[in-house]
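Order of the sequence lines fixes the chain letters, A, B, ..., with proteins taken first and strands second; residue numbering starts at 1 for each chain. All values below were derived from every heavy atom in this structure, side-chain atoms included, with hydrogens, water molecules and symmetry-related copies excluded. Model, not experiment: these values are computed from the prediction.
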Amino acid sequence: MTESPYALELRNVSKHFGDIVAVDGIDLQVPQGEFFSLLGPSGCGKTTTLRMIAGFEEPTEGTLLLAGRESNDIPPFRRNTNLVFQSYALFPHMTVFENVAFGPRRARISERDVHKRVMEALETVRMHEYVDRLPRSLSGGQRQRVALARAIVNRPAVLLLDEPLGALDLKLRKEMQLELKRIQREVGICFVYVTHDQEEAMTMSDRLAVMNRGRIEQVGSPEEVYHRPATRFVAEFIGEANLLDGTVEAVEQGAPTRVSVAGDTVTTVASCAGAPCEVGDRVSLVLRPEHLHLHRDRPNGVPAMPGRVVEAIFQGSLIRFVIEGPDRRRLSVLDTTASRDQAAPGDAVWVSWLPEWVHAVVE
Amino acid sequence: MSDAQTPAADHADTPVLGTGYAGKARSRGSFSAFIYLAGPVGVLLLFFAGPLGILALYSFQERSRTGDGSWTISNYVNALRPQYVETALNTLVIAVLSMVLLLVIAYPLAYLLAFKVGRWEVPLLLALALSDELNPLIRIYAWRTVLGRNGLVNTVLTQLRLIDQPLDWLIFTKFAVVVVLTASWLPYAVIPLYAAMKTIDRRVLEAARDLGAGWWTTFRSVVFPLTAAGFLATIVIVFIPIISDFAAPALVGGTSGRMLASVTEDLFLGRGEWGIGSALTFVLLAASGLVVWFSYKLTDLSRLATHR
Ligand SMILES: Nc1ncnc2c1ncn2[C@@H]1O[C@H](COP(=O)(O)OP(=O)(O)OP(=O)(O)O)[C@@H](O)[C@H]1O
Ligand SMILES: [Mg+2]
């Protein structure tokens with residue numbers, strides 16, 4: 001059998017629970033050693049996808065491949081995957097050591113090697129001083145690390161993590177994010193990481209998939225997904241976005257060269273990552289707040305739109321302006337160069353952007 | 001607004017058993033605890049320990065129809081007569097067989113109920129509880145129509161030509177008593193085991209499978225240790241009524257399925273031999289005590305041996 005470059009592949013995989021379609025025909029390819037995230041709102045099918053990969057749910061349709069091998073019918077205990085449960089699911093009657101040793105002991109290796117591997121794994125997650133504790137006497141973060149050690153000690157080809165930081169406070173969460181990233185680099189195995197926190201997915205992933213209602217809306221690097229969202233949903237879900245409705249008036253190679261916005265008052269060029277645009281298409285222009293600039297007078301040579309300042313909010317390193325545009329739509333602007341006394345509520349201003357930062361998604 | 005809330009808040013803070021009181025209030029708390037406990041303890045002494053004490057006295061007295069009530073240990077000597085020893089062994093064999101069979105059936109059943117039957121969980125539980133609502137005597141008579149010489153089993157087997165003539169060991173044997181006892185006490189074994197299973201997080205079972213454990217390893221190293229206490233409770237709950245059952249052996253046991261309790265009943269009510277009857281009662285009690293103690297040891301051992 002030829003070695004597959006992909007640790008994991010899903011081909012048109014669906015999962016139905018009675019009438020409920022939890023996962024609706026998704027395709028995924030995750031290379032060996034990648035940190036891959038599944039990101040999406042609650043109920044979009046992330047856990048179901050992970051559970052199909054782990055073997056706890058069988059796909060209703062489609063094919064699942066692990067290391068190039070069709071795996072739909074392989075039971076969980078024969079798969080080279082391990083799942084870190086959102087609720088940790090540690091064995092309550094076993095010590096930290098016994099919990100982590102559970103997997104290695106199933107493989108036929110000597111107790112000495114088991115001991116060595118368990119201690120290594122516990123050192124990786126910095127829990128080696130707690131070997132004799134029972135799970136109930138550990139804090140949430142410590143339990144989470146034990147759950148992680150229990151999974152990585154098996155050196156699976158694919159490690160599946162279901163919102164493993166969900167229960168932690170912000171500070172511990174940030175620490176664990178870095179630690180997880182470090183561990184992933186250290187052990188070099190493929191991580192499939194489920195979260196509904198877009199910031200978490202952005203900081204940790206090599207690539208990520210944005211899911212919505214059982215479908216994958218876009219797969220790409222964090223930069224791609226942020227700067228070139230394929231759909232309106234992705235644009236709104238990832239980061240903060242101002243969306244302007246417009247009509248395509250001219251195209252070149254699928255990308256609009258002229259879009260009229262706000263009742264023909266503004267025209268701009270835009271890039272386009274999703275389906276190619278055609279003349280007459282209704283599109284939404286995605287403008288990130290940090291790409292917008294404020295001016296007292298109409299600027300020359302760049303697309304600009306008139307508006308009125310509604311609020312100017314001091315946020316430490318920058319100021320957030322809320323601007324009301326001509327079609328009464330509100331825009332959020334983060335301008336590092338403007339100061340608060342430059343534009344006070346009620347002032348008439350112009351909002352401009354550089355054409356290269358404008359991105360269009362077809363409705 | 002705050003006025004309206006005060007009484008409710010006060011009420012919520014009042015500890016039920018006086019554990020939250022301090023200083024002077026605490027001694028009043030323990031006094032009232034004494035009052036609370038006096039009732040149930042009194043009832044127990046009067047209706048449970050009392051009769052048992054009387055039986056204990058009887059077991060050391062001449063208490064047959066012609067007996068004069070003088071002190072003696074002859075009852076315990078008589079209790080060692082071959083016929084009683086044989087019945088005692090019979091009782092033990094039947095009780096242990098029923099118990100083992102009961103656990104073998106109830107344990108997987110409880111597991112299925114707790115984890116596998118999905119939306120049938122509650123209906124099945126109710127059916128199980130309901131099956132126990134049937135009058136025990138009627139239930140035993142029903143078993144006679146199933147196991148009897150011309151009963152359901154024999155009829156079906158003869159019709160299917162699997163046997164030439166009715167099986168004669170189906171009823172009035174140890175077999176019949178074991179079957180009836182097992183069936184009668186099934187709900188009492190399943191329900192505590194089910195309750196114990198329900199405390200296991202389903203994800204923990206999945207974790208075991210995820211880490212490479214097949215069903216047997218999952219059972220041995222996760223399910224059993226986590227339900228050991230419930231397992232012990234079940235043995236205690238069910239073994240004592242089984243070993244002291246007198247209706248089943250009397251109605252389907254015949255001579256070979258005799259048990260101590262039915263013999264004791266006969267000694268008391270039929271033959272008026274209260275002395276030996278009392279002595280046998282204490283033999284039975286000691287045997288039950290032994291089994292309970294042994295189950296404790298067993299679960300202790302299992303706790304030590306599970307994780308490898
Ligand atoms: N066993 C099940 N039976 C019926 N429906 C289910 C089952 N498991 C999941 N679903 C449904 O499938 C959909 C996807 O569920 P899933 O748990 O995968 O969502 P999720 O993306 O993990 O959400 P969250 O972020 O809240 O964990 C939901 O609508 C859910 O109600
Ligand atoms: Mg989930």
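- A:N82 touches chain B through backbone and side chain together, each having a heavy atom under 4.5 Å away.
- Taken from CZ in A:R106 to CG in B:L211, the straight-line distance is 9.0 Å, to the nearest 0.5 Å.
- At a 4.5 Å heavy-atom cutoff, the contact between A:L90 and chain B is made by backbone atoms alone.
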Handout entry: Pair A:F102-B:V222, side-chain contact (heavy atoms from CB on, under 4.5 Å): steps then yes or no
Key = CA-CA 10 Å; A:F102 191 92; B:V222 182; 4.2 Å; yes
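- Atom OH of A:Y6 has 12 or fewer heavy atoms from other residues, nucleotides or ligands within 6.0 Å.
- Sparse packing is recorded around OH of B:Y188, with 12 or fewer heavy atoms of other residues, nucleotides or ligands lying under 6.0 Å away.
- Among the residues in residues 191-210 of chain B, those with a non-hydrogen atom closer than 4.5 angstrom to a non-hydrogen atom of chain A are B:D201, B:R203, B:V204, B:E206, B:A207, B:A208, B:R209, B:D210.
- The environment of CZ in A:R182 is crowded: more than 12 heavy-atom neighbours from other residues, nucleotides or ligands sit within 6.0 Å.
- Comparing A:P156, A:G55, A:A54, A:P92 by heavy-atom pairs within less than 4.5 Å of chain B, the highest count is held by A:P92.
- Atom OG of residue B:S221 and atom NE2 of residue A:H93 lie 6.5 Å apart, to the nearest 0.5 angstrom.
- Using a 4.5 Å cut-off between heavy atoms, A:R51 touches chain B through its side chain atoms alone.
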